[in-house]
Amino acid sequence: MAKKASYGNDDIVSLKGPDQVRKRPAVIFGSDDIEGCQHSVFEILSNSIDEAREGFGDKIVVTRYLDHSVEIQDFGRGIPVDYNTKEKKFNWELVFCTLYAGGKYSKGGDNSYGYSLGLNGLGLCATQFASEYMEAEIHRDGFCYKLNFKKGKLVGQMEKEPYSKRDTGSRIKWRPDLKVFTDIAVPLEYYQDIIKRQAIVNSGIKFILKNQLNKTQFETFEYYYENGITDYVSEIAEDAALTSVQSWQTERIGRDREDHKDYKVLITSALCFSNKSQKKEYYHNSSWLEHGGAPEKAVRNAFTYQIDAYLKTNGKYTKSDPKIKFEDIEDCLVLVVSSFSTETSYENQTKKAITNKFIQEAMTEFFKRQLEIYFIENRTEAEKIANQVLINMRSRVKAEVTRQTIKKTLTTSNDLANRVQKFVDCRAKNAEDRELFIVEGDSALGACKQARDSEFQALMPVRGKILNCLKCEYDKIFKSEIITDLVKVLGCGVEVKSKHMKGLAEFNLDLLRYNKVIICTDADVDGFQIRTLILTMIYRLMPTLIEEGKVFIAETPLYEINTKDQVWFAYTEQEKTAAIEEIGNAKYTVQRSKGLGENEAEMMWLTTMNPKTRRLVEILPEDAERTAQIFDMLLGDNLAGRKDHIADNGYMYIDMLDLS
């Protein structure tokens with residue numbers, strides 16, 4: 001890496017004017033992507049909301065244009081932009097072009113706003129700096145003021161003309177700059193969400209959203225909550241509420257530290273309890289606190305403390321009950337808290353959480369007191385709340401026990417090889433790469449173990465003939481160690497519900513530990529029967545494995561044909577005949593293939609396990625109903641059907657009868 005030749009006094013620079021935002025937008029807006037752009041829109045909207053909250057105007061109009069420009073109009077007092085004798089400059093320079101300048105710095109409610117969303121004197125100026133252009137039209141003091149900015153700088157002069165109409169307010173239109181933000185296409189859904197939230201916490205203020213559809217047409221949305229958060233909670237709960245909607249409000253005065261001045265906080269809340277709906281939202285100075293902060297901590301503390309106290313006082317806990325947690329309460333709680341303060345500490349400029357110590361303490365004490373009074377005055381509703389919270393707690397505890405049981409049963413980190421006798425695992429961790437060979441007996445296990453690729457091929461021996469799962473009841477099936485071991489190795493659980501499952505999990509294909517389940521038995525009558533019984537077990541306990549194409553049969557050769565120079569493996573009589581014809585007059589020997597356990601490792605790899613040379617037969621569920629009928633007839637309780645089948649087709653198998 002090339003090193004800079006020097007680093008001296010002249011290398012230190014400071015950003016000035018628009019560059020303070022244009023080169024580092026994330027410092028102000030949280031990011032330079034669409035979220036940062038969205039926050040710049042909210043900065044302008046919040047100024048209009050502050051005006052309306054103070055009683056200046058009862059309507060705010062937001063317009064979203066096709067070219068991604070935005071216009072926000074309020075009917076408040078209008079932004080002061082004329083000459084400021086105290087600062088000895090025009091106010092437009094301060095509010096539009098100077099960071100940390102505004103009318104909301106005085107502490108303790110001495111400024112022009114009792115409670116305000118904007119605090120830092122950054123929003124309007126920063127948004128102007130980050131815009132491609134911005135136009136402002138302001139009506140106040142009998143004048144109409146017009147300002148035009150481009151890339152953070154004033155174009156021309158401020159226009160000031162007499163204005164005889166009685167309306168006042170500010171209209172600001174701008175287009176976020178793509179050279180500042182990576183994306184400026186703020187979706188309609190963002191406007192709808194943020195404006196609805198502002199209507200909820202600003203009762204009596206009408207918000208109008210206009211969305212441009214084409215050059216001449218706009219669609220319009222109106223948001224208005226006459227009773228604010230109380231109407232919103234009623235809207236969420238609808239007819240499913242366990243209790244009536246409660247509206248609580250208080251105003252407190254205090255300080256975050258002894259050496260700080262007192263400030264005011266107004267706390268308003270609306271809540272009810274419901275066993276069908278749940279919602280928690282916190283707002284401060286109209287800003288939605290996505291991450292909560294102080295209000296979230298206060299609610300968790302107060303609600304858990306007071307409801308737990310009620311349960312203890314009224315003997316609601318049983319001996320086996322643990323103490324409730326807040327999650328048991330919030331599962332049936334619909335709560336909206338809207339607070340305002342004359343002094344606010346946000347985590348950062350994006351205003352998604354507040355950290356005021358006094359606000360948290362005031363809210364905690366307020367909610368504890370209100371809940372205590374509410375429970376005393378509304379005994380019937382208190383009982384409903386207590387009972388529902390206990391149901392939630394017991395459900396949570398039971399679900400956690402079940403989760404831990406399933407986790408214990410299905411976890412693969414506990415070395416499955418040590419828990420299932422003679423199971424031989426492979427090294428690969430990805431299920432898509434893994435194969436499981438279900439082999440016949442310990443002798444076949446030894447041969448396959450020598451022949452396999454231990455990277456991706458696992459082995460599970462079946463000791464003897466397993467149960468006929470079509471004729472046995474579940475209690476007997478799940479007492480079979482062979483079957484339960486095989487289910488554990490597969491890992492996906494079973495598709496039946498029975499009290500005899502002995503901790504086996506319900507079926508979940510995503511937990512299957514292998515991409516292929518390969519049944520590998522000898523090419524004789526016993527081998528065919530074991531293969532059929534394994535298929536029967538899979539068909540009854542986990543048929544989805546067949547439907548998803550996960551089950552295969554490994555074909556093993558019937559004959560080994562040797563000449564001086566070559567070896568043929570024939571899987572059928574026809575293949576044997578064809579091989580002999582190919583050999584011609586050369587000397588050869590034909591040997592019936594031995595059982596899997598007697599084969600050499602090289603032959604096993606070549607004929608049965610090597611993906612490039614082996615033969616696999618996929619078990620297809622093309623006719624599930626027909627498959628079920630055949631399984632039932634041959635292996636189930638359909639005795640009459642089995643007799644008829646033998647009578648009709650038995651003659652074809654006379655030569656295969658073992659009459660010794």
Side-chain angles (χ1 to χ4, degrees), residues 4 10-48 62-73 79 81 90 92-102 118 120-138 145-159 170-195 209-215 346 348-352:
K4 192 174 179 180
D10 293 339
D11 292 307
I12 304 299
V13 297
S14 66
L15 295 175
K16 298 177 179 65
D19 283 349
Q20 295 175 88
V21 175
R22 296 180 68 83
K23 290 191 175 182
R24 295 292 185 272
V27 174
I28 302 295
F29 302 117
S31 71
D32 63 354
D33 58 11
I34 192 64
E35 289 192 5
C37 185
Q38 289 172 175
H39 187 72
S40 73
V41 174
F42 183 66
E43 290 287 353
I44 306 302
L45 177 62
S46 64
N47 289 335
S48 295
V62 180
T63 306
R64 174 182 182 266
Y65 292 94
L66 286 174
D67 66 350
H68 308 308
S69 60
V70 191
E71 181 180 280
I72 296 178
Q73 181 178 11
I79 302 169
V81 290
F90 281 92
W92 69 259
E93 294 182 67
L94 295 173
V95 295
F96 284 94
C97 299
T98 306
L99 295 173
Y100 299 101
N120 301 326
L122 292 170
L124 178 55
C125 175
T127 301
Q128 192 278 114
F129 281 168
S131 66
E132 182 182 325
Y133 71 86
M134 178 177 280
E135 303 168 356
E137 182 177 330
I138 297 148
Y145 300 88
K146 291 184 180 179
L147 293 154
N148 287 283
F149 300 90
K150 187 173 182 180
K151 297 188 181 298
K153 296 182 179 179
L154 182 69
V155 177
Q157 300 290 325
M158 179 179 72
E159 298 178 19
S170 306
R171 180 186 64 81
I172 297 176
K173 182 180 180 181
W174 79 100
R175 187 171 189 264
D177 199 338
L178 263 175
K179 292 184 179 178
V180 176
F181 299 106
T182 59
D183 187 359
I184 63 171
V186 179
L188 175 63
E189 292 75 18
Y190 171 78
Y191 288 94
Q192 292 174 317
D193 179 67
I194 200 68
I195 292 173
L209 170 62
K210 295 180 178 179
N211 180 50
Q212 187 176 21
L213 301 175
N214 52 50
K215 288 184 178 180
Y346 289 103
N348 51 46
Q349 178 65 13
T350 58
K351 302 174 182 174
K352 293 184 178 181

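Since the structure is predicted, the reported quantities are computational estimates derived from the model, not experimental observations. Nothing fancy with the numbering, it's 1 onward along the sequence.
- Scanning both residues, Gln192 and Leu209, for their nearest heavy atoms gives CG-CD2, 3.8 Å.
- Of the residues Leu15, Asp32, Asp19, the one that meets the side-chain contact (heavy atoms from CB on, under 4.5 Å) test with Arg24 is Leu15.
- With a 6.0 Å radius and a threshold of 12 heavy atoms from other residues, nucleotides or ligands, Lys210 has its NZ atom at or below the threshold.
- In this structure, the separation between CE on Met134 and CG on Asn148 is 11.0 Å, given to the nearest 0.5 Å.
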Applying side chain to side chain contact (heavy atoms under 4.5 Å, CB included) to Phe90 and Phe96, what does each step give before you reach the verdict? CA-CA 10 Å; Phe90 281 92; Phe96 284 94; over 6 Å; no
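- Rounding to the nearest 0.5 Å gives a distance of 11.0 Å between OG of Ser40 and CG of Asp177.
- Looking at every heavy atom in both residues, Gln128 comes nearest to Cys97 through NE2-SG, 3.9 Å.
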Quick one, Ile72 with Trp174, criterion side chain to side chain contact (heavy atoms under 4.5 Å, CB included). Give me CA distance, side-chain angles, the key distance, then yes/no. CA-CA 9 Å; Ile72 296 178; Trp174 79 100; 3.9 Å; yes
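- Considering only residues two or more places apart in sequence or on other chains, Phe181 meets the ring-ring contact (aromatic ring centres under 6.0 Å, His included) condition with Phe29.
- Closest approach of Leu154 to Trp92, counting heavy atoms only: CD2-CH2, 3.3 Å.
- Counting only residues at least two apart or on different chains, the side chain to side chain donor-acceptor pair (under 3.5 Å) pairs with a member in residues 62-73 are Arg64-Asn211, Asp67-Ser69, Glu71-Arg171.
- Here the side chains of Asp33 and Asp183 are not in contact, with every heavy-atom distance at 4.5 Å or above.
- Here the closest heavy-atom approach between residue His39 and residue Glu43 is recorded as NE2-OE2, 2.8 Å.
- Between atom CG of residue Leu66 and atom NZ of residue Lys215 there is a gap of 10.0 Å, rounded to the nearest 0.5 Å.
- The line from CG of Leu147 to CD of Gln157 is 10.0 Å long, rounded to the nearest 0.5 Å.
- Within the 4.5 Å cutoff, side-chain heavy atoms of Ile172 are placed close to those of Leu124.
- What you find for Ala126 and Leu99 is that their closest heavy atoms are N-CD2, 4.1 Å.
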Run the side chain to side chain contact (heavy atoms under 4.5 Å, CB included) test on Tyr191 and Val41 for me, step by step, so that the C-alpha distance in whole Å, both residues' side-chain angles and the decisive distance to 0.1 Å come before the verdict. CA-CA 9 Å; Tyr191 288 94; Val41 174; 3.8 Å; yes
Step by step, would you call Tyr133 with Val155 a side chain to side chain contact (heavy atoms under 4.5 Å, CB included)? CA-CA 10 Å; Tyr133 71 86; Val155 177; over 6 Å; no
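- Between Lys151 and Pro18, the closest side-chain pair of non-hydrogen atoms is not below 4.5 Å.
- Distance NZ/Lys173 to OG/Ser131: 12.5 Å, rounded to 0.5 Å.
- Here Lys146 contributes atom NZ and Met158 contributes atom CE; the two are 13.0 Å apart, rounded to the nearest 0.5 Å.
- Smallest separation of non-hydrogen atoms from Ile138 and Val81: CD1-CG1, 3.5 Å.
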